[in-house]
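What follows is one structure encoded as structure tokens, with my remarks underneath.
Whatever order the structure lists ligands and atoms in, that order sets their numbers, starting from 1.
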Amino acid sequence: MSQEINDQNCTHSCDTCGVDCPSRTAPQDLHVKLKEGCRVGKVYAVVSGKGGVGKSMVTSLLAAQTRLRGYNTAILDGDITGPSIPQAFGVHDKALGDGEGIFPRVTLSGIQMMSINLLLEHETDPVVWRGPVIGGAIKQFWTDVYWDDVDYMFVDMPPGTGDVPLTVFQSLPVDGIIVVTTPQELVGMIVEKAVNMAKLMHIPVVGLVENMSFFKCPDCGKEHSIFGESRLNDVAAKYNIPLVARLPIDPSLTRMMDEGKIEMAHAPWLDDLLNGLTNG
Ligand code: ADP
């Protein structure tokens, strides 16, 4: 729709013009489109303040447990420089295309996935791209992949709050954000940064996961809060985050991730959070 511009200072080119006319100030919809015939229901982005806190593990567990509940589930691995989703599910075959699009790989239990590691010639090839190229690749994982009737998609986001996550939030129709933290990060500003980024993007933070929250002694069964009492509920209340989960440090989870068997994991700690996500 064309807008009439009355300001005589308007140069009719937003690059050179300083006038705040309607066409400049109207919010632009930058969302990219799925391929024709594809459907993705709800999209949840899993974020963390930095690498190594368990974001990919939580993404994998959320997807695996959602699939167990009978939903058509997908993972879009947006962690382009540190992709670990295919490894977690033991998927090593390349994704194939038909010249017009790419078919997602499907895990043993039926989760559709796309990751840069499914496209690289060698899984160990490093991705040394700059931000805009990485953002472009993630957009293509949305636009160029034949996502087949997906109820829930989990996006393993690039870590941090930089330009790449920003591009993803602007481009994909994300319904909610799930923040993964360690106990120490709950004391700092990580959650607030994520909440502020979400506010800017007008996307709600629906869940907060405290990973490595405690250790359950395999001998006596007692739970030890190694990093001190959990602040999860206080922090969730402070930022009005409705769903929470606490995950233990569990060597069997590390092993299942490493062996590509994360779909076998029993993860009752995520039940309440998943009830909220899948009923909402
Ligand atoms: P991120 O995606 O945040 O970089 P990952 O999910 O790849 O982090 O986790 C980093 C490492 O820590 C992986 O080897 C993973 O298996 C391990 N890990 C993460 N969370 C746990 C946990 N709760 N218990 C045991 N190992 C974990």
Aromatic plane relationship, Y44 with Y152 - under 30° parallel, 30 to 60° tilted, over 60° perpendicular: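 Parallel: the ring planes of Y152 and Y44 meet at under 30°.
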Residue that, paired with L61, satisfies side chain to side chain contact (heavy atoms under 4.5 Å, CB included) out of T66, V209, L274, I262: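 Filter result, single survivor: I262.
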Sole candidate of D175, D272, V206, L270 that passes side chain to side chain contact (heavy atoms under 4.5 Å, CB included) when paired with L277: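 The single option meeting the side chain to side chain contact (heavy atoms under 4.5 Å, CB included) with L277 is V206.
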[atom]: the protein heavy-atom neighbour that sits closest, reported with distance to 0.1 Å:
atom                    : answer
atom 22 (C) of ligand 1 : P248 O, 3.7 Å
atom 6 (O) of ligand 1  : M57 N, 2.8 Å
atom 24 (N) of ligand 1 : D250 N, 3.0 Å
atom 9 (O) of ligand 1  : G54 CA, 3.7 Å
atom 13 (C) of ligand 1 : T254 CG2, 4.9 Å

Polar proximity ligand 1 side, D79 side, N/O cut 3.5 Å exclusive: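 Min N/O separation from ligand 1 is not below 3.5 Å for D79.
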G51 N/O under 3.5 Å from ligand 1 N/O: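 In this structure, G51 places no N or O atom under 3.5 Å from an N or O of ligand 1.
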Should you measure from each heavy atom of [X], which atoms of ligand 1 turn up under 4.0 Å away?
X    : result
K55  : 1 (P), 2 (O), 3 (O), 6 (O), 8 (O)
M257 : 16 (O)
N211 : 19 (C), 20 (N), 21 (C), 22 (C), 23 (N)
M212 : 19 (C), 20 (N)

Closest non-hydrogen atom pair between V205 and A198, with its separation: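 Where V205 meets A198 most closely, the heavy atoms are CG2-CB, 3.6 Å.
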Within-shell test, A88 vs ligand 1, heavy atom, strictly < 4.0 Å: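 Distance cut 4.0 Å: A88 fails for ligand 1.
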L247 heavy atom under 4.0 Å from ligand 1: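 Outside the 4.0 Å threshold, so no.
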Heavy atom of protein inside 4.0 Å of atom 11 (C) of ligand 1, strictly below: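 False for atom 11 (C) of ligand 1.
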Test item: protein heavy atom less than 4.0 Å from atom 19 (C) of ligand 1: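 Under the 4.0 Å cut-off, atom 19 (C) of ligand 1 does have protein heavy-atom neighbours.
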Selection residues 81-106 - residue pairs positive for ring pair (Phe, Tyr, Trp, His ring centres under 6.0 Å), sequence neighbours left out: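 Sorted pair list: F103-Y146.
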Nearest option to atom 1 (P) of ligand 1, as decided by whichever heavy atom of P251, G49, A267, G52 sits closest: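 The residue whose heavy atom sits nearest atom 1 (P) of ligand 1 is G52.
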Heavy-atom side-chain proximity of P104 to W147 below 4.5 angstrom: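 The answer is yes, as the side chains (C-beta and beyond) meet within the 4.5 Å cut-off.
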Verdict with supporting geometry, T73 and R67, side chain to side chain donor-acceptor pair (under 3.5 Å): CA-CA 6 Å; T73 307; R67 179 69 194 134; 5.3 Å; no
N117 side chain to S115 side chain, donor-acceptor N/O pair below 3.5 angstrom: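 No, S115 and N117 have no side-chain donor paired with an acceptor closer than 3.5 Å.
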E210 versus S230, side-chain donor and acceptor atoms under 3.5 Å: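 There is such a pair between these side chains.
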Trace of the salt bridge (charged side-chain N to carboxylate O under 4.0 Å, His left out) decision for R69 with D151: CA-CA 11 Å; R69 291 170 178 227; D151 298 316; over 6 Å; no
